[in-house]
Amino acid sequence: MVFEIKPLFYLLYPDKTIYLHRFNLNVQKTMEQSFIAYIENSIKNHWDLNALTDYKGATLQYKDVARKIEKVHILFEESGVKKGDKIAICGRNSSHWGVSFLATLTYGAIAVPILHEFKADNVHNIVNHSEAKLLFVGDMVWENLNEAAMPLIEGVVLMNDFSLLVSRSEQLTAAREHLNELFGKKYPKNFRQEHINYHKDQPEELAVINYTSGTTSYSKGVMLPYRSLWSNTKFAFEVLTLKPEDKIVSMLPMAHMYGLAFEFLYEFSAGCQIFFLTRMPSPKIIFQAFAEVKPNLVIAVPLIIEKIIKKNVLPKLETPTMKILLKVPIINDKIKATVREQVINAFGGNFAEVVIGGAAFNQEIEQFLQMIEFPYTVGYGMTECGPIICYEDWKSFKPASCGKQVPRMEVKVLSPDPENIPGEIVCRGANVMLGYYKNEEATAQVLDADGWLHTGDLALMDAEGNVTIKGRSKNMLLGPSGQNIYPEEIEDRLNNLPYVAESIIVQQNEKLVALVYPDFDDAFAHGLKNEDMEGLMEENRVALNATLPGYSQITKVKIYPEEFEKTPKKSIKRFLYQEAKG
């Protein structure tokens with residue numbers, strides 16, 4: 001038996017479900033969908049409003065963005081860039097990153113966003129694999145790159161001021177040298193809204209190749225068509241409440257689809273002002289920005305929320321006096337209200353809700369947010385869907401779930417009993433990718449003939465359609481008698497024990513081993529030393545095993561001296577640690 005949320009089409013044409021994917025796309029085409037229209041209309045309608053701000057730096061208004069886009073278009077045209085050419089973009093979040101991306105799409109070229117955290121050889125490989133014609137870079141990224149390792153590109157453009165770092169084309173050099181002159185000739189009497197006339201995108205046309213940085217494998221180029229960008233942006237308009245001149249802090253990397261879709265593209269389309277944290281977004285910088293900007297919406301990954309609450313909030317509630325007061329009903333309610341207000345103020349005090357996604361959410365932290373009635377919700381998605389798959393408004397959100405299928409998407413769990421037995425999540429619809437770039441074998445492994453994307457994630461689904469993630473199918477371990485063990489569930493418990501910052505559960509010789517990076521700062525603050533760690537973690541192991549069934553007991557803890565390597569959405573790159581010895 002498979003639980004599935006069935007659209008009207010199933011009821012009307014029960015024997016034609018195999019044509020549903022094609023049917024959905026045809027319906028969307030008749031709706032005159034256009035992602036570029038969102039961008040074009042927003043620029044025209046919000047011409048004099050603030051658009052992109054580098055935090056503690058300069059602000060571009062929508063008309064400034066339009067002018068810069070137009071100059072990049074002239075640079076493209078004069079240097080021989082054609083529609084369909086690939087343009088790579090690699091740098092920290094900034095207003096000029098946003099301009100580079102928008103200029104690429106509105107010209108009709110294909111954007112290849114590259115995470116600035118990638119190692120230099122990975123950046124070189126992606127630029128080469130994507131056959132990018134130009135590379136836009138930030139200055140810090142460029143320091144580590146080598147143009148000789150990227151023989152196919154015709155030029156490298158510094159995003160800070162769009163100057164040329166490398167040119168292998170006389171056309172490109174001449175175009176950049178005479179750019180202001182060419183702009184002046186084209187628009188002798190000022191550049192105005194009516195001059196804007198961007199590329200007319202088609203739903204199935206390739207817009208973005210986004211190279212993943214997954215927890216279970218190496219980078220693959222996800223090909224996202226315009227219908228995916230359009231559908232994700234339309235979804236945000238349908239469920240979120242931002243208005244022109246509203247503000248948001250962009251702290252997730254824009255080269256990752258979660259940050260790109262919901263901290264940039266939607267907000268830009270809605271006429272908002274986006275503040276980019278151009279430095280590494282530490283909790284201190286993030287909350288300083290929240291206090292100053294007072295964002296109207298907060299988009300976050302679990303790690304950021306967890307760090308703030310674990311470090312700044314929970315310790316205050318764990319004093320003997322506070323524990324007693326929390327047991328007194330009337331005082332309890334007052335304390336909860338006070339704590340809720342403190343947490344809301346920590347995020348700027350002006351937001352409608354906090355949307356959390358990108359990785360698993362710690363259950364203890366989630367229960368705490370539920371207890372104080374904090375306005376949060378957890379969504380679910382993946383790069384291959386650009387990214388959204390499931391979501392629910394915070395007012396009707398089911399705790400521990402990640403919401404229900406979003407508009408224009410179908411979601412089902414492949415299980416004989418989805419309410420009780422986890423199965424793989426599969427989905428199809430407008431958000432789904434075209435496939436992996438130049439990798440038909442990998443595409444065939446995840447996209448079946450009927451358009452279903454096999455996510456590799458295991459979940460339960462209740463009768464109302466709420467999806468609750470259990471773990472990755474690739475991470476699932478087998479117990480001694482064939483029991484399914486979900487390491488993420490064990491890690492969630494272990495991470496709540498004293499002085500544990502993060503952990504991974506791996507299987508070695510059919511035994512479960514916990515790899516732990518301790519919270520050294522917290523331990524040292526309490527007078528503990530390095531040599532105390534082993535004993536503390538053994539105590540944690542015993543305490544953890546007391547809560548686990550026999551087949552998922554931890555036999556050993558191995559201490560790691562530094563943080564585990566992570567993806568941009570702050571999930572641990574598990575595949576790097578599966579062979580850990582100790």
Side-chain angles (χ1 to χ4, degrees), residues 4-9 20-21 23-42 45-46 201 203 207-208 224-248 250 252 257-272 274 295-300 351-358 375-398 401-411 425 427-433 453 464-467:
E4 189 177 342
I5 310 164
K6 298 193 175 186
L8 180 62
F9 182 88
L20 183 59
H21 186 58
F23 170 86
N24 279 344
L25 299 183
N26 289 336
V27 167
Q28 286 140 22
K29 285 174 187 173
T30 65
M31 293 165 63
E32 297 182 3
Q33 57 169 288
S34 169
F35 170 75
I36 297 294
Y38 277 129
I39 302 303
E40 186 170 322
N41 292 334
S42 183
N45 295 335
H46 308 121
D201 54 304
V208 174
L224 292 171
Y226 274 101
R227 63 169 155 77
S228 180
L229 301 189
W230 168 81
S231 182
N232 273 275
T233 306
K234 183 171 173 59
F235 155 78
F237 273 108
E238 290 163 345
V239 303
L240 302 174
T241 56
L242 293 179
K243 309 179 300 298
E245 298 188 82
D246 277 355
K247 297 174 182 178
I248 189 164
S250 170
L252 304 173
M257 285 311 301
Y258 182 30
L260 182 67
F262 301 125
E263 284 187 339
F264 177 55
L265 297 181
Y266 160 58
E267 284 76 7
F268 190 89
S269 300
C272 300
I274 304 160
N296 299 90
L297 175 71
V298 175
I299 307 287
F351 58 92
E353 67 177 330
V354 174
V355 179
I356 301 166
Y376 83 98
T377 188
V378 179
Y380 165 67
M382 58 194 301
T383 302
E384 286 82 349
C385 289
I388 198 70
I389 298 172
C390 294
Y391 176 86
E392 182 64 281
D393 183 86
W394 74 271
K395 297 183 187 73
S396 47
F397 170 71
K398 178 184 177 182
S401 80
C402 60
K404 303 171 183 174
Q405 69 175 27
V406 298
R408 296 169 297 285
M409 289 290 285
E410 301 168 74
V411 176
I425 303 171
C427 62
R428 66 179 176 183
N431 297 7
V432 176
M433 68 172 180
L453 176 73
E464 286 73 47
N466 293 294
V467 174

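Everything quoted here is computed from the prediction, not taken from an experiment.
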Quiz prompt | Side-chain (Y258) to main-chain (G357) donor-acceptor, under 3.5 angstrom | solution = yes
Quiz item: Is the gap between the ring centers of Y380 and Y391 under 6.0 Å?
Solution: no
Practice problem: Begin from the C-alpha positions of V355 and V298 and carry the test side chain to side chain contact (heavy atoms under 4.5 Å, CB included) through to its verdict. | Solution: CA-CA 6 Å; V355 179; V298 175; over 6 Å; no
Self-check item: Under 3.5 Å donor-acceptor, R227 side chain and V432 backbone
Solution: yes
Self-check item: M409/R428 under side chain to side chain contact (heavy atoms under 4.5 Å, CB included): CA gap, chis, key distance, verdict
Solution: CA-CA 6 Å; M409 289 290 285; R428 66 179 176 183; over 6 Å; no
Quiz item: Closest approach of G386 and M257, non-hydrogen atoms and distance?
Solution: O-CE, 3.6 Å
Quiz item: Do the ring planes of F268 and F264 sit parallel (below 30°), tilted (30 to 60°) or perpendicular (above 60°)?
Solution: tilted
Exercise. Nearest 0.5 Å please: distance from the CD atom of E392 over to the NZ atom of K398.
Key: 11.5 Å
Practice problem: Please check if the side chain of N232 supplies one atom and the backbone of C385 the other of a donor-acceptor pair under 3.5 Å. | Solution: yes
Self-check item: salt bridge (Lys or Arg N to Asp or Glu O under 4.0 Å) involving E238 - partner list, sequence neighbours excluded
Solution: K234, R408
Quiz item: For I39 and N41, what are the C-alpha separation, side-chain angles and deciding distance, and is it a side chain to side chain contact (heavy atoms under 4.5 Å, CB included)?
Solution: CA-CA 6 Å; I39 302 303; N41 292 334; over 6 Å; no
Quiz prompt | Considering all heavy atoms, the nearest S231-P407 contact | solution = OG-O, 4.4 Å
Quiz item: If you round to the nearest 0.5 Å, how far is OG of S250 from CD1 of I299?
Solution: 10.0 Å
Exercise. Could you go through the side chain to side chain contact (heavy atoms under 4.5 Å, CB included) check for V239 and D393 one step at a time?
Key: CA-CA 7 Å; V239 303; D393 183 86; over 6 Å; no
Quiz item: What distance do S34 atom OG and E40 atom CD have between them, rounded to the nearest 0.5 Å?
Solution: 8.0 Å
Quiz item: Checking side chain to side chain contact (heavy atoms under 4.5 Å, CB included) against D246, which of N296, T241, L240, L297 comes through?
Solution: N296
Quiz item: Taking all non-hydrogen atoms of both residues, which atom of F262 and which atom of I388 are closest, and how far apart?
Solution: CZ-CB, 3.9 Å
Self-check item: CD1-CG distance between I389 and L453, expressed to the nearest 0.5 angstrom
Solution: 6.5 Å
Quiz item: Can you name the nearest heavy-atom pair linking N431 to S228, along with the distance?
Solution: O-OG, 2.8 Å
Quiz item: Do Y376 and F397 have side chains that get closer than 4.5 Å, going by heavy atoms?
Solution: yes
Self-check item: Ring centers of Y38, F237 separated by less than 6.0 Å
Solution: yes
Practice problem: May I ask you to test the Q33-P203 pair for a side-chain heavy-atom distance under 4.5 Å? | Solution: yes
Quiz prompt | From SG (C272) to CD1 (I248), nearest 0.5 Å | solution = 7.5 Å
Quiz item: Does E353 use its side chain to pair, donor to acceptor, with the backbone of T377 at less than 3.5 Å?
Solution: no
Quiz item: If every non-hydrogen atom of L224 is compared with every non-hydrogen atom of T383, which pair is closest and at what distance?
Solution: CD2-O, 3.7 Å
Quiz prompt | Nearest heavy-atom neighbours spanning D201 and F35 | solution = OD2-N, 3.0 Å
Quiz item: Is any side-chain heavy atom of V467 closer than 4.5 Å to a side-chain heavy atom of S401?
Solution: no
Practice problem: Rounded to the nearest 0.5 Å, what's the gap from CD1 on I36 to CG on L229? Could you check? | Solution: 8.0 Å
